[in-house]
Amino acid sequence: MISPQLLAPAGDFSSVDAALDHGADAVYVGIGPYNLRAHAPNFALQDLSELLDRVHAGNRRIYFALNIMPGPEQIPEIESLVRKLRLDTLLPDAFIVSDPGVVHLCRELIPDVPLHLSTQTGTFNQRSLRFWQQQGIRRVVLPRELNLKQISDLASTGILETEIFIHGAMCVSVSGRCLMGAYFSGRHPNRGDCPQPCRWSYRITPLMSDSGNPLQEPWLEAEENNNGTYLLNARDLCTIEILPGLIRSGVTALKIEGRNKSAHYIAAVVKTYRAAIDLFIRNPQEYTVPDEWKTLLASIDHRPYTTGFYTGELQMQEVFSSKATSASRIVGVVKGHLKENLPVIDVKNSFSIDETLEVLPVNQSRTPFPVSISRCTDLCGNVLDRISSNRVIAVHSSESLQRGDMLRRTIS
Ligand code: SF4
């Protein structure tokens, strides 16, 4: 069986490093504002040379998302961006696009660069696959609304490469068809600016006639408490339990959602799915989900999980809260070692020396393990009593640490 590509999101350089260190085969990123995470840090033109070098040095792939549905005023901007990328030879391994106008523009300006069709376009059937094949598309990201059998049917046509989401946030509505954000606040979901009204709390107020009789029937039933109801709030997708079926469907790539997510989140999700894919490919009969994988996926920011439409699970909403919870917080990342083999930590959140931390190791054969830090110094060797965030320090640790390991703290 062929191992599908594991594709991770990245909103900045630390997420790119986390994805590559923990085993992603490819990353996808946004360039400027023309992608569906307009509020992620994204990458500027001056970052691209380093970005491409970093990804290609590890023999991985990188895709640029250009998947907004642009209005007439944005097409010249996108055209000039693509021309600039071509001129400066800063082209990725593929562009992710959704608008037919952008497809047309890319085919004309950069015919040799593969195009992947975003899930936003909504490619639900084999005729649509054929149509997009004729437009020069290489790969289609299938809608999250398809079930496992439908995915398998489409992948087995072999018309185009197929990609599906395996983990991350879900839309409560059909991908690419939701206008709630634009309706409520004028912010356009198909231009990367969704204010996520599906995560808001609502109160149900029956419409009454002057005489006090209800105006509309039948009623929509909703569970409501003192905070109202989050009746539109979708759970997050997690497919670790059904991964064998997804791999057997024959899709080319398994994609993780979340270009707004932290490097810590990316590391934990990529590590778990890397281990799961490798285990299944090595020995499909022995695939089981060990507790460590469940614990790791439960430790990062998430809403309650669902397998979504893939298995037709009924409970895909969470009506009492839309808040994501997490059981751990990043403390720092190992950036390398000093001459005496002392690990150098890029500190993200302050910590104290007497704390027991946990290591999220880059080594695939290791699961998270506890570590204590007995001494911290700056890079000149001066001892530090207090370790604040956003500084680089050297540490004496109870366990040996590798470049790319993440230190994290468990929170209740
Ligand atoms: S409002 Fe919710 S369902 Fe609609 S596009 Fe935004 S995130 Fe998706």
Side-chain angles (χ1 to χ4, degrees), residues 8-24 27 40-41 47 50-51 54 58 256 258-272 274 292 295-302 324-412:
D12 56 22
F13 275 111
S14 3
S15 300
V16 170
D17 288 343
L20 300 179
D21 287 347
H22 288 270
V27 292
D47 297 327
E50 183 185 345
L51 180 62
R54 225 187 260 201
I256 296 162
R259 280 185 291 111
N260 273 329
K261 297 288 203 306
S262 66
H264 172 216
Y265 177 98
I266 307 289
V269 180
V270 169
K271 181 178 174 68
T272 310
R274 175 79 278 151
E292 303 91 71
T295 308
L296 194 47
L297 292 178
S299 75
I300 47 167
D301 239 27
H302 72 288
T325 54
S326 94
S328 64
R329 179 167 302 144
I330 179 110
V331 162
V333 184
V334 180
K335 287 302 192 190
H337 294 83
L338 292 180
K339 278 200 198 100
E340 312 78 38
N341 211 25
L342 286 181
V344 172
I345 311 284
D346 182 4
V347 181
K348 305 289 184 191
N349 284 300
S350 57
F351 68 97
S352 45
I353 289 181
D354 50 5
E355 256 186 278
T356 298
L357 301 171
E358 185 179 66
V359 179
L360 179 60
V362 277
N363 184 337
Q364 262 308 321
S365 59
R366 296 201 71 178
T367 51
F369 56 88
V371 67
S372 51
I373 307 291
S374 57
R375 181 181 151 94
C376 298
T377 67
D378 63 20
L379 297 187
C380 301
N382 301 309
V383 176
L384 303 168
D385 299 328
R386 213 176 140 266
I387 298 94
S388 51
S389 54
N390 298 321
R391 66 179 305 173
V392 177
I393 62 169
V395 299
H396 293 250
S397 58
S398 58
E399 306 289 330
S400 72
L401 298 172
Q402 242 181 288
R403 197 198 68 78
D405 283 351
M406 284 187 178
L407 304 185
R408 48 189 220 153
R409 144 186 317 127
T410 303
I411 50 178
S412 54

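Values below: every heavy atom of this structure, side chains too, minus hydrogens, waters and symmetry copies. The chain is numbered in sequence order, starting from 1.
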Self-check item: side-chain contact (heavy atoms from CB on, under 4.5 Å) between Lys348 and Val331, worked out
Solution: CA-CA 5 Å; Lys348 305 289 184 191; Val331 162; over 6 Å; no

Self-check item: Side chain to side chain, Leu338 and Val344, heavy atoms closer than 4.5 Å
Solution: yes

Self-check item: Point-to-point distance, once rounded to the nearest 0.5 Å, from CG of Leu357 to CG of Leu407
Solution: 6.0 Å

Quiz item: Under the 3.5 angstrom rule, does the side chain of Glu355 hit a backbone N or O of Ser352 as a donor-acceptor pair?
Solution: yes

Quiz item: Taking everything shown except Arg274 itself, do over 12 heavy atoms lie less than 6.0 Å from its CZ?
Solution: yes

Practice problem: For the pair Arg408 and His264, evaluate side-chain hydrogen bond (donor to acceptor under 3.5 Å, both in side chains) and give the outcome as yes or no after the intermediate values. | Solution: CA-CA 9 Å; Arg408 48 189 220 153; His264 172 216; 2.9 Å; yes

Exercise. Identify whether the distance between the nearest side-chain nitrogen and carboxylate oxygen of Arg403 and Asp21 falls below 4.0 Å.
Key: yes

Quiz item: Minimum heavy-atom separation for Asp47 to Phe13, with atom names?
Solution: O-CZ, 3.7 Å

Quiz prompt | Closest heavy-atom pair and its distance - Ser299, Ser328 | solution = O-OG, 2.9 Å

Quiz item: Under 3.5 Å, is there a donor-acceptor pair between the side chain of Lys271 and the main chain of Pro361?
Solution: yes

Self-check item: Full working for side-chain contact (heavy atoms from CB on, under 4.5 Å) between Ile345 and Val392
Solution: CA-CA 6 Å; Ile345 311 284; Val392 177; over 6 Å; no

Self-check item: Distance (rounded to the nearest 0.5 Å) between Lys335 NZ and Leu401 CG
Solution: 14.0 Å

Quiz item: Where do Arg386 and Ile353 land on the side-chain contact (heavy atoms from CB on, under 4.5 Å) test, with the steps shown first?
Solution: CA-CA 8 Å; Arg386 213 176 140 266; Ile353 289 181; over 6 Å; no

Quiz item: If you round to the nearest 0.5 Å, how far is CG of Leu360 from CZ of Phe369?
Solution: 9.5 Å

Quiz item: Could you walk me through whether Ile387 and Ile393 pass the side-chain contact (heavy atoms from CB on, under 4.5 Å) check?
Solution: CA-CA 8 Å; Ile387 298 94; Ile393 62 169; 3.7 Å; yes

Quiz item: If every non-hydrogen atom of Val347 is compared with every non-hydrogen atom of Ser388, which pair is closest and at what distance?
Solution: CG1-O, 3.4 Å

Exercise. Grab the two heavy atoms, one from Gly258 and one from Ile266, that are nearest each other, plus how far apart they are.
Key: O-CD1, 3.9 Å

Quiz item: Quick one: CG on Asp385 to CZ on Arg375, what's the gap to the nearest 0.5 Å?
Solution: 11.0 Å

Self-check item: Pair Asp17-Arg54, salt bridge (charged side-chain N to carboxylate O under 4.0 Å, His left out): steps then yes or no
Solution: CA-CA 9 Å; Asp17 288 343; Arg54 225 187 260 201; 2.9 Å; yes

Quiz prompt | Glu358 bridged to Arg409 by N-O distance under 4.0 Å | solution = no

Practice problem: Working to the nearest 0.5 Å, report the span between CD1 of Ile411 and OG of Ser326. | Solution: 4.0 Å

Quiz item: Are any of the side-chain heavy atoms of Glu292 and Thr272 separated by less than 4.5 Å?
Solution: no

Self-check item: Contact summary for Ala263 and Ala18, nearest pair of heavy atoms
Solution: O-CB, 3.5 Å

Exercise. Say whether, by atom type as modelled, one donor and one acceptor occur between the side chain of Ser398 and the main chain of Ser372 under 3.5 angstrom.
Key: yes

Quiz item: Counting N and O atoms only, with roles assigned by atom type, does the side chain of Gln402 sit under 3.5 Å from a partner on the main chain of Val362, one being a donor and the other an acceptor?
Solution: no

Practice problem: State the NE2-CG distance between His337 and Leu342, to the nearest 0.5 angstrom. | Solution: 8.5 Å

Quiz item: If you take all heavy atoms of Ser389 and Asn349, which pair is closest and at what distance?
Solution: CB-CA, 3.9 Å

